[in-house]
Amino acid sequence: MQAIILAAGMGRRLGELTKDQTKCMVPVNGVRLIDRLLDQLSKLSLQRVIIVVGYKGQELREYIEAQYGKMLTANCQLQYAENPIYDKTNNIYSLSIVKDELQKDDTILLESDLIFSDRLIPMILENPQPNLALVAKYETWMDGTMVQIDEDHNIVNFISKNAFNYNDVDTYYKTVNIYKFSRMFLQEKYVPFLDAYTKAVGLNEYYENVLRIISLLNEHELKALPIGDEKWYEIDDKQDLDIAEALFADEKDVIRKYYGRYGGFWRFPQMLDFCYLVNPYFPSSRLKDELRANFDTLLTEYPSGMKVNTLIASKCFGVSEPYIVPGNGAAELIKILMEDSQGKVGFVRPTFEEYPNRYDKEHQVTFVPQNEDYRYTADDLMAFFADKDISQLMLINPDNPSGNFIPKDDVLRLAAWAEEKGFRLVVDESFVDFSHDYATNSLLSDEILTAYPHMAVMKSISKSYGVPGLRLGIMASADTTLIARAKREVSIWNLNSFAEFFMQIYNKHEKDYQRACAKFIAERDSFEQQLRTIPFLRVMPTEANYFLCEVLPPFKASEIVIRMLKQHNILTRDCSGKPGLDPQRQYMRIAVRNHEDNTRLAEALLAFSS
């Protein structure tokens with residue numbers, strides 16, 4: 001058995017990273033692609049490895065020879081072939097250069113811009129099929145050669161870019177660009193067709209085109225081997241490199257590389273994200289269908305300005321126009337609110353850090369509940385802040401990450417007390433629709449806002465409405481000066497058309513939303529029972545869509561989070577070290593997803609403890 005590595009390309013899309021070196025010399029988490037690949041091949045019983053070089057080929061060859069000499073192992077020789085016109089040809093020419101060598105042995109063919117699990121090459125070698133392509137189920141990040149396979153894993157079609165149809169993606173697999181070919185197949189089929197194809201079509205083509213022609217003969221000589229959940233990535237540009245560094249991070253860096261992304265986890269479609277704090281049962285399929293039906297218009301038309309969007313927000317959330325301002329996510333409005341604040345501001349910790357992070361630390365007055373579940377009441381807040389000279393008090397209700405909830409009547413008592421004291425009470429109710437009695441717990445009504453003119457209510461629409469990609473939030477208050485200032489501060493087109501349209505159509509789907517909230521509460525109760533069977537977790541009560549859990553000794557939150565991600569592809573949140581939490585203890589925050597996902601996490605956690 002031999003291996004052939006194609007490494008002649010220029011890697012232009014990597015920009016300055018390939019200005020002075022070829023693509024396979026780019027490091028991922030400090031290890032060059034070529035070093036990782038050769039290390040994986042060194043564990044096999046190969047007779048030789050042939051590397052086809054081109055761009056910066058001499059530098060690559062000198063580097064490899066300095067690292068390995070002439071031999072990859074005692075029995076495996078390193079050889080090179082050169083594509084002198086790498087800038088005018090594609091990989092079909094690189095492969096044709098070694099067509100004579102191809103016919104001398106069974107061959108593993110690989111491309112040098114890949115990073116993949118150590119299991120992949122043993123998978124393809126251990127499979128008894130002589131001619132095999134590793135394939136992965138199509139995902140949105142994938143580009144390049146797609147195939148369709150039958151129930152016997154025969155490759156029945158290679159999908160060209162012109163023939164690619166998004167309506168058929170459920171049937172598509174992406175070639176991983178790792179192949180195993182028998183010597184006989186290469187001699188009798190592939191190389192003869194390769195010669196004929198290059199003569200007829202030219203050299204600026206791809207070697208997969210030859211495989212496509214062979215597959216059309218309907219002889220089923222090339223099989224597909226789906227790789228399942230095994231990790232791999234093809235690195236063509238800087239974003240690919242960034243994602244690959246997260247996928248293949250060392251344990252000491254893996255959490256930092258994921259947490260530091262702050263979202264965008266749709267780029268990791270097989271990962272279950274239990275940091276994701278949204279309603280798993282909304283939006284409904286009917287609402288999504290309506291959005292899809294209007295997709296072309298919404299994508300190609302400008303959204304409305306603030307005047308129209310205020311009107312739509314007023315209709316959607318039942319608050320008068322002078323009392324409400326829609327934002328590009330609550331984060332936009334939080335920034336404006338905190339910049340408008342003056343003097344000392346009261347905070348409860350642990351909490352959602354976006355608010356205190358937006359304010360001068362020297363002017364923060366912090367209340368920390370003195371109990372192991374971080375529970376507190378309106379009376380606790382009034383007692384603590386009674387003698388504090390504050391101009392504003394921040395209340396996240398339910399709080400994040402504790403899940404503590406103050407009932408509506410008690411929040412209104414707190415609001416009345418704040419009115420007497422003459423300071424602003426800000427209530428962030430982004431998670432209130434996850435609480436029991438969700439239908440009546442919101443403070444968003446003209447009557448309530450008018451009765452407490454020093455109160456402002458913030459709400460992120462991402463959370464309970466399950467639409468974080470829309471970037472939509474609202475702030476409401478009878479303090480019309482605050483609301484008018486916020487409207488002046490945002491840009492004229494601060495909302496995109498999809499967010500605007502969501503508010504326009506939401507009321508038609510409100511009954512579906514109510515049903516989704518009820519379904520969520522039932523699932524949260526069920527999930528709580530599952531989590532309470534985990535022996536190393538102490539689960540705290542919650543009225544939100546997450547549980548704060550203390551991790552009991554001898555376990556640490558970080559080791560659980562890393563194990564869940566590396567072994568089960570599940571992302572959870574290590575809250576240890578969060579301000580307000582006991583620094584001598586370990587904590588995790590676990591979101592609530594649908595029943596299937598919740599059960600998968602619970603089973604993974606149980607396996608960890610066994």
Side-chain angles (χ1 to χ4, degrees), residues 263 278 283 287 290-291 294-342 352 354-355 358-359 392 394 424-430 432-433 442-450 452-510 513:
V278 302
L287 190 152
E290 189 166 358
L291 280 169
N294 291 274
F295 177 86
D296 290 351
T297 300
L298 298 173
L299 182 67
T300 58
E301 297 285 347
Y302 270 98
S304 302
M306 176 56 70
K307 180 179 180 180
V308 173
N309 278 325
T310 299
L311 185 152
I312 298 172
S314 171
K315 172 186 76 75
C316 184
F317 299 104
V319 175
S320 296
E321 293 169 56
Y323 285 8
I324 192 168
V325 53
N328 181 16
E332 179 182 50
L333 302 175
I334 291 170
K335 179 177 183 295
I336 293 170
L337 174 70
M338 299 314 294
E339 289 175 350
D340 181 75
S341 304
Q342 297 178 355
F352 177 49
E354 183 68 12
Y355 288 98
R358 289 286 182 183
Y359 205 66
Q392 185 166 290
M394 306 299 308
R424 178 189 293 159
L425 173 67
V426 177
V427 182
D428 187 317
E429 61 169 50
S430 295
V432 76
D433 292 348
S442 175
L443 304 176
L444 291 175
S445 78
D446 282 358
E447 181 181 2
I448 291 174
L449 296 173
T450 302
Y452 307 100
H454 284 92
M455 181 173 69
V457 179
M458 191 78 70
K459 188 163 190 169
S460 165
I461 307 307
S462 299
K463 309 300 189 295
S464 54
Y465 294 85
V467 288
L470 294 185
R471 303 306 309 132
L472 182 60
I474 55 170
M475 181 169 65
S477 177
D479 182 349
T480 55
T481 301
L482 169 66
I483 298 301
R485 186 181 303 120
K487 291 177 179 178
R488 291 194 301 269
E489 287 291 321
V490 301
S491 64
I492 186 172
W493 289 297
N494 71 319
L495 298 190
N496 63 68
S497 294
F498 293 93
E500 176 184 349
F501 189 69
F502 174 86
M503 291 194 297
Q504 179 174 311
I505 67 174
Y506 164 72
N507 295 112
K508 293 191 297 182
H509 302 271
E510 195 162 7
Y513 179 64

Would Met394 and Met458 count as a side chain to side chain contact (heavy atoms under 4.5 Å, CB included) if you check the C-alpha gap in whole Å, the side-chain angles of each, and the deciding distance to 0.1 Å?
CA-CA 10 Å; Met394 306 299 308; Met458 191 78 70; over 6 Å; no
Could I get the full list of ring pair (Phe, Tyr, Trp, His ring centres under 6.0 Å) partners for Tyr513, not counting sequence neighbours?
Phe282, Tyr465, Tyr506
With side chains defined as the heavy atoms from C-beta onward, is the minimum distance between Met503 and Ile461 less than 4.5 Å?
no
Check side chain to side chain contact (heavy atoms under 4.5 Å, CB included) between Ser491 and all other residues, then give those that pass, not counting sequence neighbours.
Asn494
Side chain to side chain contact (heavy atoms under 4.5 Å, CB included) filter on Glu321, not counting sequence neighbours, yields Thr310, Leu311, Ser314
Below 4.5 Å, heavy atoms only, C-beta onward: do Leu287 and Ile505 meet side chain to side chain?
yes
Quick check: do Ile474 and Val325 have side-chain heavy atoms less than 4.5 Å from each other?
no
Work out which heavy atom in Ser497 is nearest to a heavy atom in Tyr302; give both atom names and the distance.
OG-C, 3.5 Å
Partner set under salt bridge (charged side-chain N to carboxylate O under 4.0 Å, His left out) for Lys463, not counting sequence neighbours:
none
Across all chains, not counting sequence neighbours, the ring pair (Phe, Tyr, Trp, His ring centres under 6.0 Å) partners of Phe501 are none
Spacing of NE2 belonging to His454 relative to CG belonging to Leu449, to within rounding of 0.5 Å:
13.5 Å
Can you name the salt bridge (charged side-chain N to carboxylate O under 4.0 Å, His left out) partners of Glu290, sequence neighbours left out?
Lys508
When rounded to the nearest 0.5 angstrom, what distance separates OG in Ser442 from CZ in Phe317?
9.5 Å
With rounding to the nearest 0.5 Å, note down the distance linking CZ in Phe498 to CG in Asn294.
9.5 Å
Taking the side chain as every heavy atom from C-beta outward, state whether Val426 and Leu337 have any pair of such atoms under 4.5 Å apart.
yes
Please check if the side chain of Ser445 supplies one atom and the backbone of Ile448 the other of a donor-acceptor pair under 3.5 Å.
yes
I'd like to check the side chain to side chain contact (heavy atoms under 4.5 Å, CB included) partners of Ser462; sequence neighbours left out, ordered by chain and number.
Ser460, Pro468, Arg471
Could you check whether any side-chain heavy atom of Cys316 comes within less than 4.5 Å of a side-chain heavy atom of Gln504, counting everything from C-beta outward?
no
For Asp428, which residues count as a salt bridge (charged side-chain N to carboxylate O under 4.0 Å, His left out) partner, sequence neighbours excluded?
none
Ile492: side chain to side chain contact (heavy atoms under 4.5 Å, CB included) partners, not counting sequence neighbours:
none
Please report the closest heavy-atom contact between Asp433 and Ser464, naming both atoms and the distance.
OD2-OG, 3.5 Å
In the structure I gave you, are the side-chain heavy atoms of Tyr452 and Leu425 within less than 4.5 Å of one another anywhere?
no
Do any pairs count as a side chain to side chain donor-acceptor pair (under 3.5 Å) and have a residue in residues 475-489, sequence neighbours left out, and if so which ones?
Asp340-Arg485
Heavy-atom pair with the smallest gap, counting every atom of Pro326 and Leu495:
CB-CD1, 3.9 Å
Non-neighbouring partners of Glu354 that pass salt bridge (charged side-chain N to carboxylate O under 4.0 Å, His left out), sequence neighbours left out
Arg358
Quick test of your reading: applying salt bridge (charged side-chain N to carboxylate O under 4.0 Å, His left out), list the pairs with at least one residue in residues 302-320, sequence neighbours left out, ordered by first then second residue.
none
Are more than 12 heavy atoms, taken from residues, nucleotides or ligands other than Glu510, located less than 6.0 Å from that residue's CD atom?
yes
Using the rule side chain to side chain contact (heavy atoms under 4.5 Å, CB included), only one of Leu472, Ile312, Leu470 pairs with Glu500; which is it?
Ile312
